[in-house]
Protein chains: 2
Amino acid sequence: MAAPRANMSYRDIKQVVLDRIHNKIWAPDSLLPSETDLAEEFSSTRTTVNRALRELAEEGYLERKRKAGTRVLNAPVRKAQFSIPLVRDEITETGSEYRYALVERAVMPAPAWLSARMNIPQGRDVLHLRCMHYADNAPFQYEVRWIVPDSIPEVLTADFSRSGPNDWLVQKVPFTNLELSFLATKADQAVAEFLDTQAGDPIFTAERITWLRGQPVTLAKLFFAPGYRMTTHL
Amino acid sequence: MAAPRANMSYRDIKQVVLDRIHNKIWAPDSLLPSETDLAEEFSSTRTTVNRALRELAEEGYLERKRKAGTRVLNAPVRKAQFSIPLVRDEITETGSEYRYALVERAVMPAPAWLSARMNIPQGRDVLHLRCMHYADNAPFQYEVRWIVPDSIPEVLTADFSRSGPNDWLVQKVPFTNLELSFLATKADQAVAEFLDTQAGDPIFTAERITWLRGQPVTLAKLFFAPGYRMTTHL
DNA sequence: AATGCTTATATATATAGACATAACCGGCCG
DNA sequence: CGGCCGGTTATGTCTATATATATAAGCATT
């Protein structure tokens, strides 16, 4: 096990280091040898060792500090990565047919909770949209969205009857900042009807707020049809 | 804007490239200049440019193929990263006091759905645990767990009355493979009682299966107390 | 005891040059 | 015309080396 031969790639080195962590050769909280020493052991260079250790640190196995050295993390805080594709892609990638429908469009003064949540002045006009996304004509996602027109006045004249605000926004507004939450909500009457389920049913829900250079742009609540699960492997 | 001066760090280069993507100087689907050309423009080296572009690709902005070049992705598939800490840490980090309690421990033949789900032989004995995690004595998470003892016989003699299976497992078993799902479930009577809520309430739920070298090790269902949301910023 | 300076050291990043590898592309051959 | 086959080229990776920077730790000063 862990046979350091010559000409090891940074991948090989990553694997050897991981093995040693797993086999407790380098125990949690212990300090690894310096990059220079490891480079010598693996008859490689410090650059290559650096890349290996840097990536392992990014993956949550190691903690690195200048001068202090590289330390094995005791509780490997593994990081789950979820890609957040557009609904359209999420549906078409499974081979299903995607269909979009606009349910409601309105310009209205921001409700108090929205003002507070997104930090916009009380009573400022916002664009409110409700839409549905279908996969093979079965309800897939019910979207409730608010858009603050201040930073993007064109949004008020955009046509959302044929394609969703998401499509439009990613084209127009390169957001700089994003908050994403997942939670479980109880279906109210509207949600239940659109998702073809019973009021009170548990609904997997995503909430997404984006900013552009500090200015709030949009808040979206995405209600997924019952049975939806967000899955990742690592 | 985007003033390429000399001695730019890989961070600077990343920023300039990002700016150019946002300002559509490099439009979606278009090809970037080659690393060599960019290195010249930024009066830097190919190595540095390479790191900048590589990281931007990892972050989901670019797609890179040998010979084919580096392309701007039209729908930036941004990747949300959630760290999955131990419950204990998740609670203590907010300053709350963590308390653990074992609810039930039993060795039983694997139920059919579990056999199927984890690909273990029908009727094989598995360890079944139910436990509670409290934050400041308020219910935080209800954990239902199955452990396959085949690859780790010691688990049958481990003491789970004082600390949770999670703590034990991360110490003993370096899993190699993990499937993690989030979904919304409806609280049944047991879940409702332990989480101090009403049966039928929506519960944010995580399901986690881990393997060790292809062998299934454990499946955990984690039911979070009402109001829980999993949040990330990027 | 607290603060500030110095130094040693480990990581962070940059440079330059080389070879490896995948893939586009144009031309040759059947 | 179609398919195979190299040549070309952009990225992938490694080597070797150098400089920058953060910081732990020791020592001196307030």
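What you are looking at is a predicted structure, and each value in this text was computed from that prediction instead of being measured. Protein chains get the first letters and strands the later ones, always in sequence-line order, with residue 1 at the start of each.
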**OP:** Could you pick out which residue, A:Lys67 or B:Leu32, lies toward the 5' side of DNA chain D when each is mapped onto its nearest nucleotide?
**Re:** B:Leu32

Subject >> Any side-chain heavy-atom pair of B:Val16 and B:Asp19 under 4.5 Å >> reply: no

Subject >> Test log, rule side chain to side chain contact (heavy atoms under 4.5 Å, CB included), inputs B:Met230 and A:Leu183 >> reply: CA-CA 7 Å; B:Met230 174 155 279; A:Leu183 61 157; over 6 Å; no

**OP:** Could you state the atom-to-atom distance from CG of B:Leu62 to C1' of D:dG12 in whole Å?
**Re:** 16 Å

Original post:
Roughly how many Å is it from CD in B:Glu55 to C1' in D:dG12, rounded to a whole number?
Top reply: 15 Å

Original post:
Can you tell me how far P of C:dT11 sits from CG of A:Leu31, to the nearest Å?
Top reply: 8 Å

**OP:** Establish, with yes or no, whether the OP1 or OP2 oxygen of C:dA14 is under 4.0 angstrom from a side-chain nitrogen or oxygen of B:Arg51.
**Re:** no

Original post:
Could you state the CZ-C1' distance from A:Arg46 to C:dT11, rounded to the nearest angstrom?
Top reply: 6 Å

**OP:** Check every strand shown and say whether A:Thr70 touches a base, only sugar-phosphate, or nothing at a heavy-atom separation below 4.0 Å.
**Re:** sugar-phosphate

**OP:** Tell me whether the OP1 or OP2 atom of C:dA14 has a side-chain N or O from B:Ser44 closer than 4.0 Å.
**Re:** no

**OP:** Scan A:Arg54 against the nucleic acid and name what it touches under 4.0 Å (heavy atoms): base, sugar-phosphate only, or nothing.
**Re:** nothing

**OP:** Flag the pair A:Tyr134 / A:Met132 as yes when at least one side-chain heavy-atom distance between them is below 4.5 Å, and no otherwise.
**Re:** yes

**OP:** Measure the distance from CG on B:Asp12 to P on C:dA12 and round it to the nearest whole Å.
**Re:** 18 Å

Subject >> Value rounded to 0.5 Å, distance of CZ in B:Arg51 from CZ in A:Arg51 >> reply: 9.5 Å

Original post:
Between C:dT9 atom C1' and A:Arg64 atom CZ, what is the distance in whole Å?
Top reply: 14 Å

**OP:** Ignoring backbone atoms, establish whether B:Asn50 has a side-chain N or O less than 4.0 Å from OP1 or OP2 of D:dT11.
**Re:** no

**OP:** Give B:Arg71 one of three labels, base, sugar-phosphate or nothing, depending on what nucleic acid heavy atoms sit under 4.0 Å from its own.
**Re:** nothing

Original post:
Side chain of A:Arg66, base of C:dT13: donor and acceptor closer than 3.5 Å?
Top reply: no

**OP:** Give one of base, sugar-phosphate or nothing for A:Ser34, where a contact means two heavy atoms less than 4.0 Å apart.
**Re:** sugar-phosphate

Subject >> Separation of C:dA10 C1' from A:Lys65 NZ (nearest whole Å) >> reply: 12 Å

Original post:
If only side-chain N and O atoms of B:Arg11 are considered, is one of them under 4.0 Å from the OP1 or OP2 phosphate oxygen of C:dT13?
Top reply: yes

Original post:
When you check the phosphate oxygens OP1 and OP2 of D:dT17, does a side-chain N or O of A:Thr47 lie under 4.0 Å from one of them?
Top reply: no

**OP:** Give a yes/no on whether any side-chain N or O of A:Tyr10 is located under 4.0 angstrom from OP1 or OP2 of D:dC14.
**Re:** no

Original post:
If we ignore angles and hydrogens, is there a donor and acceptor under 3.5 Å between the side chains of A:Arg145 and A:Thr218?
Top reply: yes

Original post:
Nearest-Å distance, CD (A:Glu40) to C1' (D:dC14)?
Top reply: 18 Å

